[in-house]
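Here's the structure we're looking at; comments come further down.
We count ligands from 1, going down the list as the structure has it; atoms in each ligand are counted the same way. Being a predicted model, the structure only gives us computed values, none of them experimental.
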Amino acid sequence: MPYYVTTPIYYVNAEPHLGHAYTTIAADVLARHMRQRGEEVFFLTGTDEHGEPVAQAAERQGLEPRDLADKNAQRFRDLTEILNATNDFFIRTSDPEHEAEVQRVLQQVYDNGYVYEGTYEGWYCPRCADFKTDAELVDGNKCPIHLIELEREKEDNYFFKLSAFQEQLEQLYADRPDFVGPGVRYNEALSFIKGGLNDVSLTRARLRWGVTVPWDESQVFYVWFDALLNYYTALSYAREGEDLTDRFWPASVHLIGKDILKFHTVFWPAILMAAGIEVPRRVYVHGYLLMGEHKMSKSLGNVIDPFRIIELYGVDALRYYLLREVGFGQDGSVSPEGFETRYDTELANEYGNLVSRTANMIGRYCGGVVPEADTSSPLAADFDSARERLCAQIDAVELSAALDTIWQLVRRLNQYLQDEQPWKLVKDEAQAGRVPAILYAVAEGLRVVSLLLHPFMPDKTATVLAALGQDSFGLDAARFGAVGGGAEVGEIAPLFPRIESPTPA
Ligand code: ME8
């Protein structure tokens, strides 16, 4: 079945930070892994450009919303590229094709009888582009996420009859326990629904920066409906002259952070039902990257710049660190110190050293060629069961668990070398004959583990695989013993060289 994975589309009201990089990296790991399995994959990311958050940020900077959007959309595109993300398309909600498709779908919702005129009054957070209930406010009348004072807003606009989907949504959750993952987020979404759904405002009367409402051109659509629809509209124009909707819809998985759970697990399926479109297969919700105890966020100003880390340490180290340090699905703290520790102890000492020791020994003891040997190594069973486990973990979007499965193999190989000590055996005439089989097993293990690791660290693993004579990345080849000896092992420069940590500015 084709695999369609998405990230949220990011607001262009500010520059990208590490939190945005996190979701894009995770989605890229899924996309790359599924391609390794031979699936047909479509991977979408992009930018959310309409609404108050962007209009207000532009005003603060003395810019037109479109100019701010152009500037920051380019920064998000740059991020996608520097992260080595293999997205098939980058959507901008200011694309005219997207706008036309939003109008078409929401007109359908209107024609189906799920829209009415009303007056809205409530606490509105312009940064969230969302109304808050009294129960959600903190410190009097502050937004619980952005900690800014909120104002009460009142306006006449059009409402979406979310309440009409109470039963259908409950049924969806009953029928599909994996609609939302992990389980704790499924429960959160379901209890929100069971708490009783109120209708929501679908349009804004005061704002100009948005998609015009086709049945009342004095209004624009509320940015969240315009934004959510990106996942669907992109397929209609991502590839010139081709409509990919039938092939890839419904999406396999929408990856999101927990800040936008309600929109994706409640509003999104409801609006699709109202338009008569199939709902996605799954929404997977990851946790927050924290700085100390606080969510890393542009409004709190405690953000880490991913461009800077990549410039210093390379993109693969960052990709690895984020998925290793923070259990995917949970919140977790990140820090420069934590990053450096994992860089030194795991990337340089465990994987990097394994690679250079293996290449050196094959150079010195085997004339630089992976020895031909019996493929029935004691390592084979561990590697093959790990591959199965990894695929199941990726299917369940358990990315940190998947990375741990791989890392146990890296450790298994280091342990094997430590136990066998081929550098001692070569000096003992009675034992030296065992060395080729040992080095074959390590080289073969390294080849398999590098294939499994490829989606997480595409550049470094490609270097290792090329040195081992493996130039394709399909998972079919990731079986221990699938390749015999004979590969000429080239020179491999240290994969993770020591980096002097920069002095704080
Ligand atoms: O919400 N930890 O855009 P946004 C982990 N435009 N992930 C984080 C993070 C953190 N500290 N900070 C940001 C929007 N993210 C809307 C989405 S989708 C139809 C519209 C990631 O720029 C995470 O994926 O505020 C989060 O959900 C997203 O960035 C929010 O990005």
Is the Y313 ring parallel, tilted or perpendicular to the F339 ring (thresholds 30°, 60°)?
-> perpendicular
Ignoring hydrogens and angles, state whether a donor on the side chain of Y237 or E101 is under 3.5 Å from an acceptor on the partner side chain.
-> no
H20 N/O to ligand 1 N/O under 3.5 Å = yes
Please work out which of V12, T24, I9 has its closest non-hydrogen atom nearest to atom 16 (C) of ligand 1.
-> I9
Under 4.0 Å from a heavy atom of T23: give me the atoms of ligand 1 that qualify, with their elements.
-> 21 (C), 23 (C), 24 (O)
the protein heavy atom lying closest to atom 9 (C) of ligand 1 turns out to be G19 CA, 3.5 Å
Relative to each other, are the rings of F225 and F160 parallel, tilted or perpendicular (30° and 60° limits)?
-> perpendicular
Y22 to ligand 1: N or O pair under 3.5 Å?
-> no
Contact check: L289 vs ligand 1, nitrogen or oxygen atoms, below 3.5 angstrom = yes
Tell me, do E155 and R204 make a side-chain contact under 4.5 Å, heavy atoms counted?
-> yes
Of Y10, W224, Y11, the residue with the heavy atom nearest atom 31 (O) of ligand 1 is Y10
Using a 4.5 Å cut-off on heavy atoms from C-beta on, say whether the side chain of Y116 contacts that of D199.
-> yes
Which segment of L290 sits under 4.0 Å of ligand 1 when only heavy atoms are counted = neither
Do you see a donor-acceptor pair shorter than 3.5 Å between the side chains of H294 and N302?
-> no
Ligand 1 atoms nearer than 4.0 angstrom to some heavy atom of D48 are 6 (N), 16 (C), 20 (C)
For D259, take its heavy atoms, then give the atoms of ligand 1 lying under 4.0 Å from any of them.
-> 26 (C), 27 (O), 30 (C)
Write out the residue and atom name of the closest protein heavy atom to atom 1 (O) of ligand 1, then the distance separating them to 0.1 Å.
-> I260 CG2, 3.5 Å
Which atoms from ligand 1 have a heavy atom of Y288 less than 4.0 Å away?
-> 2 (N), 5 (C)
Which of the atoms of ligand 1 are close to A227, meaning less than 4.0 Å from one of its heavy atoms?
-> 19 (C)
Has Y231 got any heavy atom lying under 4.0 angstrom from an atom of ligand 1?
-> yes
Answer yes or no: does an N/O atom from S297 fall short of 3.5 Å to an N/O atom of ligand 1?
-> no
Compute the centroid of each ring, for F221 and then for Y158, and state whether the two points are separated by less than 6.0 Å.
-> no
To which protein heavy atom is atom 7 (N) of ligand 1 closest, and what is the distance rounded to 0.1 Å?
-> H286 CE1, 3.2 Å
Give a yes or no on whether a salt bridge exists between R35 and D88, defined as a side-chain N under 4.0 angstrom from a carboxylate O.
-> yes
Going by distance alone, is a donor N or O of one side chain under 3.5 Å from an acceptor N or O of the other, for Y351 and S450?
-> yes
Fit a plane to each ring of F248 and F42, take the angle between them on a 0 to 90° scale, and name the class: parallel (under 30°), tilted (30 to 60°) or perpendicular (over 60°).
-> tilted
Mind checking whether G287 has a heavy atom under 4.0 Å from ligand 1?
-> yes
Does NZ or CZ of R127 come closer than 6.0 Å to the centre of the six-membered ring of Y11, within 45° of the ring's axis?
-> no
Relative to each other, are the rings of H20 and F76 parallel, tilted or perpendicular (30° and 60° limits)?
-> perpendicular
Donor-acceptor pair between D28 and T86 side chains, under 3.5 angstrom = yes
Per-atom contacts of ligand 1 with K295, taking only distances under 4.0 Å to non-hydrogen atoms = 11 (N), 12 (N)
Is there any N or O on G257 that sits under 3.5 Å from an N or O of ligand 1?
-> yes
Where ligand 1 meets H17 - atom numbers and elements under 4.0 angstrom, heavy-atom basis | 12 (N), 13 (C)
Can you list the atoms of ligand 1 that are under 4.0 Å from a heavy atom of M296?
-> 10 (C), 11 (N), 12 (N)
